[in-house]
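To start, the structure itself, in structure tokens.
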There are 2 protein chains.
Amino acid sequence: MLGKKRISESTIHRLSLYYRALSVLEKDNYDTVSSKELARREKLTPAQVRKDLSFFGSFGTRGLGYPVKELKTQIAGILGIDRTWRVALVGIGNIGSALVSYKEFSRQGFQIVKLFDNDQRKIGSNHKGIVVSDIRNLQQELSDAKIEVVIVAVPATVAQYIVDDIVNAGIKAILNFAPVNLKVPDDVYIRHENMSMELEYLSFAMVNNHAQKRVRA
Amino acid sequence: MLGKKRISESTIHRLSLYYRALSVLEKDNYDTVSSKELARREKLTPAQVRKDLSFFGSFGTRGLGYPVKELKTQIAGILGIDRTWRVALVGIGNIGSALVSYKEFSRQGFQIVKLFDNDQRKIGSNHKGIVVSDIRNLQQELSDAKIEVVIVAVPATVAQYIVDDIVNAGIKAILNFAPVNLKVPDDVYIRHENMSMELEYLSFAMVNNHAQKRVRA
DNA sequence: ACGGCTATGTGAAAAGCTTCACAAAAGAAG
DNA sequence: CTTCTTTTGTGAAGCTTTTCACATAGCCGT
Ligand SMILES: NC(=O)c1ccc[n+]([C@@H]2O[C@H](COP(=O)([O-])OP(=O)(O)OC[C@H]3O[C@@H](n4cnc5c(N)ncnc54)[C@H](O)[C@@H]3O)[C@@H](O)[C@H]2O)c1
Ligand SMILES: NC(=O)c1ccc[n+]([C@@H]2O[C@H](COP(=O)([O-])OP(=O)(O)OC[C@H]3O[C@@H](n4cnc5c(N)ncnc54)[C@H](O)[C@@H]3O)[C@@H](O)[C@H]2O)c1
């Protein structure tokens with residue numbers, strides 16, 4: 001354990017699943033949970049669960065399982081969600097508006113505190129208590145509001161320009177909803193949310209009458 | 001080539017990326033494209049592009065590259081998006097409303113033709129020309145409308161019940177937005193869209209000051 | 001017609017990830 | 001205190017995916 005090995009993307013994604021399952025177990029007043037039960041709840045294997053956790057330490061008790069509350073806290077620490085992150089959202093259209101209202105984000109520590117758009121009819125309007133700012137003040141306001149993460153929900157055609165500005169403002173983490181690959185420097189983390197991709201996977205599975213199935217997303 | 005090997009999930013996801021890049025290349029009037037250029041546009045390696053495509057056939061010309069229009073058509077065939085799929089959407093709330101308005105879906109052949117909710121204020125209302133149906137008529141109307149894919153955008157607490165009904169109606173493909181693992185029979189394909197997961201990945205990368213970076217989504 | 005050049009297609013090697021299987025730890029029971 | 005049962009933690013094996021590297025195919029210019 002605790003060697004400085006590189007942790008795979010899949011392992012991190014599964015930690016999110018464990019965290020989610022542990023939240024449910026905690027609410028249902030479970031004290032401990034076995035790797036077997038955790039695996040069952042997220043459709044994984046017990047060995048996978050144990051191996052993933054073992055990269056970060058020994059959290060369980062042999063013969064008993066993992067302490068629910070404590071493991072949840074540990075995973076929160078590993079994922080960096082044992083704190084709040086200040087988030088801004090650019091593009092208050094269909095998907096942007098939905099995201100502002102999404103309570104799960106703030107529950108996980110991602111607090112949307114700034115909104116930006118370039119549409120005069122939207123600038124100045126109020127969404128969930130946040131007034132939409134003019135995109136022209138992006139850099140200044142990102143900096144003033146100490147934003148650490150920016151969610152991009154603008155049309156694909158302008159996404160690269162917006163991202164360039166975000167990068168110039170010193171932001172190091174971006175979640176992009178536009179269906180386009182975006183260039184960012186090596187020290188900036190960018191992730192893409194691509195819903196067509198999942199529908200296309202379903203389509204592929206159907207036309208190929210796949211026998212196997214994989215879950216995730 | 002063309003052996004009946006199992007194709008990996010990653011390969012299918014990358015086909016979606018190639019398809020997207022080819023759409024841009026086609027619009028910009030490119031006749032051919034090399035694996036190198038295709039790779040550059042989606043931040044992959046040329047070898048990866050060639051290997052992925054080789055699972056399905058030989059589409060390129062040595063010394064020249066791939067014919068843009070033809071490769072796009074081929075990939076559409078492989079993914080099963082050279083046709084239209086009839087899609088229903090359950091849960092016309094924040095995210096559901098955004099999805100109805102998302103033109104990219106129909107452009108890829110996924111036509112949302114039915115909407116369902118259980119809220120009396122929403123039932124009967126019109127979204128982009130589609131009238132919201134009562135969830136109580138789900139099974140009958142899914143069948144009557146010959147729906148093949150259902151998108152689930154209801155609260156996590158009721159998602160399993162909704163999915164059970166969908167499965168009983170004979171649907172074999174589901175795209176789920178609720179942050180919960182859902183049980184379905186082995187012959188039903190289900191994919192999960194989990195936005196918190198991507199934010200948590202960003203958070204992990206930031207607190208662990210990761211040197212590496214991965215893209216996808 | 002032919003040589004040069006470029007970029008594919010693909011086995012083989014390397015890297016990465018998952019599963020196996022078991023020793024060891026710890027609580028429970030007597 | 002000892003034995004029994006349960007379930008962790010983890011090397012090693014097995015499997016999958018990616019990368020390498022090169023023979024080969026086919027355009028293009030002369
Ligand atoms: N609607 C969906 O369900 C959905 C799903 C997945 C991805 N997406 C992607 O998300 C993005 C937004 O989609 P949408 O449906 O919300 O579109 P939309 O047109 O409703 O919203 C886009 C918003 O961005 C704003 N905008 C445009 N140019 C801007 C600029 N230069 N600076 C600041 N703001 C600007 C617009 O004023 C608008 O409010 C698109 O890239 C789309 O492909 C949408
Ligand atoms: N809002 C977001 O940006 C976002 C992002 C990712 C995931 N999600 C997930 O998507 C789901 C919906 O989120 P939302 O923000 O749109 O919530 P919402 O409350 O705005 O919408 C939920 C809709 O489902 C309907 N509904 C409730 N019970 C139903 C039932 N039994 N049958 C039919 N319809 C029913 C409600 O009437 C409502 O219209 C949730 O699971 C949420 O976690 C939302």
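To find a chain, count down the sequence lines: A is the first, B the second, and so on, and within it residues start at 1. Keep in mind the model is a prediction, meaning the values are calculated, not measured.
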Value in whole Å for how far the P atom of dT8(D) lies from CZ of F56(A): 18 Å
5' priority, DNA chain C, between T11(A) and G60(B) [closest heavy atom]: G60(B)
Pairs touching residues 81-94 of chain A that satisfy salt bridge (charged side-chain N to carboxylate O under 4.0 Å, His left out), sequence neighbours left out: R83(A)-E148(A)
What does the list of N/O pairs under 3.5 Å between the protein and nucleotides 13-15 of chain D look like, with a distance for each?
none

Heavy-atom closest contact (H127(A) atom, V100(A) atom, distance): O-CG1, 4.0 Å
Ring geometry between Y201(B) and F204(B) (parallel below 30°, tilted from 30 to 60°, perpendicular above 60°): tilted
Of residues 63-79 of chain A, the positions that come close to DNA chain D - non-hydrogen atoms, cut-off under 4.0 Å: G63(A), L64(A), G65(A), Y66(A)
Qualifying salt bridge (charged side-chain N to carboxylate O under 4.0 Å, His left out) pairs with a residue from residues 87-116 of chain B, counting only residues at least two apart or across chains: E104(B)-R107(B), K114(B)-E141(B)
Set of side-chain contact (heavy atoms from CB on, under 4.5 Å) partners for S10(A), sequence neighbours left out: S8(A), R14(A)
Residues in salt bridge (charged side-chain N to carboxylate O under 4.0 Å, His left out) contact with R40(A), at least two apart in sequence or another chain: E37(A)
Give every pair of a protein N or O atom and an N or O atom of nucleotides 20-24 of chain D that lie under 3.5 Å apart, one pair per line with the distance.
| from | atom 1 | to | atom 2 | distance (Å) |
| --- | --- | --- | --- | --- |
| dA21(D) | N6 | R50(B) | NH2 | 3.3 |
| dT24(D) | O2 | R62(B) | NH1 | 2.6 |

D31(B) CG - dC27(D) P separation (whole Å): 14 Å
Any donor-acceptor N/O pair, D52(A) side chain to T11(A) backbone, under 3.5 Å: no
Residue pair I174(B) / L202(A): nearest heavy atoms and the distance that separates them: O-CD1, 3.6 Å
Polar side-chain atom of S203(A) near backbone of L199(A) as donor-acceptor pair, under 3.5 Å: no
Positions of residues 32-39 of chain A (non-hydrogen atom under 4.0 Å from DNA chain D), listed by number: S34(A), S35(A)
Smallest separation among heavy atoms of V167(A) and V184(A), with atom names: CG2-CG1, 4.1 Å
Contact summary for G80(A) and W85(A), nearest pair of heavy atoms: O-NE1, 2.8 Å
Smallest separation among heavy atoms of V180(A) and N176(A), with atom names: O-ND2, 3.4 Å
Less than 3.5 Å apart, which donor and acceptor atoms pair up between the side chains of residues 153-165 of chain B and the rest of the protein, not counting sequence neighbours?
| from | atom 1 | to | atom 2 | distance (Å) |
| --- | --- | --- | --- | --- |
| Q160(B) | OE1 | K183(B) | N | 2.9 |
| Q160(B) | NE2 | D164(B) | OD1 | 2.8 |
| Q160(B) | NE2 | K183(B) | O | 3.1 |

Protein-nucleotide distance (F59(A), atom CZ; dT10(D), atom P), rounded to Å: 11 Å
Whole angstrom value for the distance that separates C1' of dG11(C) from CZ of F55(B): 12 Å
For residues 66-79 of chain A, please give each side-chain donor-acceptor pair under 3.5 Å, one per line with the distance, not counting sequence neighbours.
| from | atom 1 | to | atom 2 | distance (Å) |
| --- | --- | --- | --- | --- |
| K69(A) | NZ | E26(A) | OE2 | 3.4 |
| K72(A) | NZ | E26(A) | OE1 | 3.0 |
| T73(A) | OG1 | K69(A) | O | 3.0 |

dT19(D) phosphate, OP1 or OP2, under 4.0 Å from Q48(B) side-chain N/O: yes
Shortest side-chain distance from S54(A), nucleotide among dG9(C), dG9(D), dT19(D): dG9(D)
Atom of Y18(A), atom of L38(A) and distance for their closest heavy-atom approach: CD2-CG, 4.4 Å
Extract from the structure each pairing of a protein N or O with an N or O of nucleotides 2-4 of chain D at less than 3.5 Å, listing the distance.
none

Residue list, side-chain contact (heavy atoms from CB on, under 4.5 Å) with T84(A), at least two apart or on another chain: Q111(A)
